[in-house]
Amino acid sequence: MVLGRHQQTARPSLIVTGPAAAGKTTTLLHVVRTCHLAPHPHGQTVGRPLPVAYVLVPPGATAKTLAAEFARYLGIPVTPRMTQTQITESVCHTYNQAGVRLVLIDEIHRVNPRTTGAETADLIKDLTERIAATFVYAGSTSHRRPCSPVSAVPS
């Protein structure tokens, strides 16, 4: 996060892989709790930035459903009539306004670039370029195929 703080694009990211039940989700959720409960250096509580977001990739995720998951985390209203572009615009604006600096994406192996996952991977790439945060991707290597940084996670 320190390395990417002042970069406009191509911020460093992290990929966490391992077999099912290895503790990847537990570790990510521990990071979320730790960040949300950490004392602010100046004792500020009101208007304090939300430093971390946690998004679970739903099974069979499309770009629109994943964008809606990003929105849901911060309570951004999404209606069925909204387009993926509208949801993405709202997500990027709100995440940057809220001061999110770390985005944890769990179950990234559910994004399959060979099916609808290509659009979903493009969405994730777009978000990484437009949200001023470090992204952490966690996925299982024991699922259908290993989670590949080249095929499942945007560069």
Hey, are the side chains of [X] and [Y] touching, using non-hydrogen atoms and a 4.5 Å cut-off?
X	Y	answer
Val111	Tyr137	no
Gln84	Leu123	yes
Lys64	Ile87	yes
Phe70	Val103	yes

[X]: which residues meet the side chain to side chain donor-acceptor pair (under 3.5 Å) condition with it, sequence neighbours left out?
X	result
Gln97	none
Ser90	none
Thr27	none

Where [X] and [Y] come nearest, the two heavy atoms and their spacing:
X	Y	answer
Ala63	Glu119	CB-O, 3.7 Å
Asp126	Thr88	OD2-CG2, 3.6 Å
Leu104	Val31	CD1-CG1, 4.1 Å
Gly18	Lys24	O-NZ, 3.3 Å
Ala98	Leu74	CB-CD1, 4.2 Å
Tyr73	Tyr95	CB-OH, 3.7 Å

Counting only N and O atoms by type, is there a donor-acceptor contact under 3.5 Å from the side chain of [X] to the main-chain atoms of [Y]?
X	Y	answer
His109	Gly139	no
Thr128	Lys125	yes
Arg101	Ala133	no

Any carboxylate oxygen within less than 4.0 angstrom of a Lys/Arg side-chain nitrogen, looking at Arg130 and Glu89? yes

Val55 and side chain to side chain contact (heavy atoms under 4.5 Å, CB included): which partner among Ile124, Leu66, Leu127, Asp106?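 Per the side chain to side chain contact (heavy atoms under 4.5 Å, CB included) rule, the option paired with Val55 is Leu66, out of Ile124, Leu66, Leu127, Asp106.
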
Restricting to side chain to side chain contact (heavy atoms under 4.5 Å, CB included), what partner residues turn up for Thr79, sequence neighbours left out?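 Listed in chain order: Arg81, Met82.
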
Quick one: list whatever passes side chain to side chain contact (heavy atoms under 4.5 Å, CB included) with Asn96, sequence neighbours left out.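 Result, side chain to side chain contact (heavy atoms under 4.5 Å, CB included) vs Asn96: Ile131, Ala132.
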
Will you find, in the side chains of Thr65 and Thr62, an N or O donor that is under 3.5 Å from an N or O acceptor? yes

I'd like to check the salt bridge (charged side-chain N to carboxylate O under 4.0 Å, His left out) partners of Glu107; sequence neighbours left out, ordered by chain and number. none

Nearest 0.5 Å, please: how far is CG in Leu29 from OH in Tyr54?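 CG of Leu29 is found 5.0 Å from OH of Tyr54.
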
